[in-house]
Amino acid sequence: MNKKTVKDVDVKGKRVFCRVDFNVPMKDGQVTDDTRIRAALPTIQYLVEQGAKVLLASHLGRPKGQAVEELRLTPVAKRLSELLGKDVKKTDEAHGESVKSEIDSMNEGDVLLLENVRFYPGEEKNDSDLAQAFAELADVYVNDAFGAAHRAHASTEGIAKHLPAVSGFLMEKELEVLGKALLNPERPFTAIIGGAKVKDKIGVIDNLLEKVDNLIIGGGLAYTFVKAQGHEIGKSLLEEDKIELAKSFMEKAKAKGVNFYMPVDAIVADDFSADANTKVVAIEEIPADWEALDIGPKTAETYRDVIQKSKLVIWNGPMGVFEIDKFAGGTKAVAQALADANDTYSVIGGGDSAAAVEKFGLAEKMSHISTGGGASLEFMEGKQLPGVVALNDK
Ligand SMILES: Nc1ncnc2c1ncn2[C@@H]1O[C@H](COP(=O)(O)OP(=O)(O)O)[C@@H](O)[C@H]1O
Ligand SMILES: O=C(OP(=O)(O)O)[C@H](O)COP(=O)(O)O
């Protein structure tokens with residue numbers, strides 16, 4: 001990476017504004033998945049050991065520029081304190097006089113969590129006054145919020161214009177792993193794209209066709225491609241206005257010599273529910289009143305073979321409606337194939353794929369699970385991430 005990291009600056013005794021992505025799932029005032037908090041620990045612990053005064057800033061949810069009680073970061077401070085094994089104070093604001101006086105009383109190695117930065121309308125607008133107000137709190141800026149690096153906001157981009165600005169370890173690791181995967185991929189290189197959001201993933205598919213040896217399509221978005229092949233898809237998910245594009249991708253794959261894998265069979269249901277009647281059908285035989293909610297067993301077997309012969313696999317988006325057990329088989333088969341493929345480097349991106357791998361108890365077997373869904377997708381599309389661009393060059 002050509003950007004400075006936290007190791008390139010002296011932080012002893014300095015006030016360090018460290019942007020993290022603590023946008024974690026919560027229920028009844030408790031953090032229900034602390035993956036993102038744990039992922040930021042190496043940087044926080046390093047800053048503590050170096051004797052910095054550590055100011056942590058994050059967003060949580062989308063409060064639209066105003067204080068929302070359920071979106072305060074108080075439960076996060078509690079969980080972070082448990083994980084760090086040290087006291088973490090939290091302020092009720094993210095800048096201003098009350099925060100400044102709290103910082104004045106900090107000792108070297110202390111950790112302070114600021115309130116949700118999205119309580120201020122200027123955050124998402126990347127307002128320069130707010131960026132300046134954040135900068136006034138600190139001497140150094142560290143960005144470790146990979147999950148929010150695709151956002152040009154006051155605490156992810158604007159602030160970097162006012163302070164020495166470097167990356168944290170998580171940011172560095174994510175960029176290195178994803179960058180290596182894409183710039184100098186080990187081959188055969190396979191991408192598996194599933195999930196439901198055809199629109200969001202079109203750009204990624206187009207870009208990946210330039211890079212991969214195998215492209216595997218599954219999940220809800222596969223049926224727009226099945227339709228493009230000329231088959232009827234019943235009530236399966238369809239983005240009508242993307243059929244032509246899907247056709248052009250299949251042609252591009254052919255022209256580029258990319259093996260394009262599509263479902264050859266599917267599990268169809270007469271209802272989108274756990275009580276639905278289901279059956280396995282060939283892909284060209286989806287009944288008019290049924291919808292395809294998972295890839296079928298033949299497809300899963302082919303996908304497993306391709307995965308096992310690959311050296312690098314990136315996976316974004318489940319193969320079916322994995323939240324319902326009846327339709328989880330395809331996603332589980334892909335996760336299991338990745339877990340079993342010892343010589344394959346596996347990179348998982350996207351909230352739902354990561355959740356699926358977690359649900360099947362296979363997370364430990366993956367080489368890298370990215371903390372960023374949108375961010376990893378934009379990176380893979382070849383877009384510049386504003387939160388990274390803003391950091392100081394080496
Ligand atoms: N065949 C399908 N029909 C409808 N929805 C599907 C199908 N396959 C997968 N899904 C749904 O897609 C959702 C995930 O899509 P998406 O948000 O694009 O993935 P990710 O978060 O991994 O990027 C899941 O909730 C899953 O139930
Ligand atoms: O959870 C996040 O995005 P992700 O679900 O795409 O990984 C990030 O914290 C960014 O949040 P945002 O999409 O509200 O800007």
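Just so you know, ligand 1 is whichever comes first in the structure, and atom 1 is the first atom listed for that ligand. For the numbers below, each heavy atom of this structure counts, side chains included, while hydrogens, waters and symmetry mates do not. Predicted, not measured: the structure shown is a model, and the values here were computed from it. Throughout, residue positions are numbered sequentially from 1 according to the sequence presented.
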Using only heavy-atom distances, determine whether the side chains of Glu174 and His368 contain a donor-acceptor pair under 3.5 Å.
yes
Counting non-hydrogen protein atoms only, what is the nearest one to atom 25 (O) of ligand 1? Give residue, atom name and distance.
Glu323 OE2, 2.5 Å
CH2 of Trp290 to OG1 of Thr278: how many Å apart, nearest 0.5 Å?
7.0 Å
Any idea which of Ile295, Val321, Asp352 brings a heavy atom closest to atom 6 (C) of ligand 1?
Val321
Spell out, as yes or no, whether a donor-acceptor pair under 3.5 Å connects the side chain of Asp265 to the backbone of Ile283.
no
List the protein residues in contact with ligand 2, where contact means a heavy-atom separation under 4.0 angstrom.
Asp21, Asn23, Arg36, His59, Arg62, Arg118, Gly147, Arg151, Gly372, Gly373, Gly374
Is there a side chain to side chain donor-acceptor pair (under 3.5 Å) between Gln308 and Tyr303? Walk through the geometry before answering.
CA-CA 9 Å; Gln308 294 209 307; Tyr303 290 5; over 6 Å; no
Phe225: what forms a ring pair (Phe, Tyr, Trp, His ring centres under 6.0 Å) with it, not counting sequence neighbours?
Phe260
With backbone taken as N, CA, C and O and side chain as the heavy atoms from C-beta onward, which portion of Phe327 lies under 4.0 Å from ligand 1: side chain, backbone, both, or neither?
neither
Indicate if Ile159 and Leu137 have the same hydrophobic cluster label, given that clusters are the connected sets of ILVMFWY residues with side-chain heavy-atom separations under 4.5 angstrom.
yes
Under a 3.5 Å cutoff, is there a donor and acceptor pairing between the side chains of Arg19 and His153?
no
Give the residue, atom name and distance (to 0.1 Å) of the protein heavy atom nearest atom 9 (C) of ligand 1.
Gly320 O, 3.1 Å
Contact region, Ala354 to ligand 1, non-hydrogen atoms below 4.0 Å, reads neither
Quick one: closest heavy-atom pair of Gly61 and Arg118, and the distance?
O-NH1, 3.1 Å
Heavy-atom pairs closer than 4.0 Å: do any link ligand 1 to the side chain of Glu291, the backbone, both, or neither?
neither
Quick check on Gly373 - does any of its heavy atoms sit under 4.0 Å from an atom of ligand 1?
no
Do Ser167 and Asn143 pair up side chain to side chain, a donor and an acceptor below 3.5 Å, judged on atom types alone?
no
Would you say the rings of Phe327 and Phe322 are close, in the sense that their centroids are separated by under 6.0 Å?
no
The protein heavy atom nearest to atom 1 (N) of ligand 1 is Ala292 O, 3.1 Å
Is it the side chain (CB and beyond), the backbone, both or neither of Leu377 that lies under 4.0 Å from ligand 1, heavy atoms counted?
neither
If hydrogens are left out, which of Lys201, Lys235, Met319 has an atom nearest to atom 23 (O) of ligand 1, that is, the closest non-hydrogen atom?
Lys201
If you scan protein heavy atoms around atom 7 (C) of ligand 1, the nearest is Gly220 N, 3.2 Å
His162/Phe134 aromatic ring centres below 6.0 Å:
no
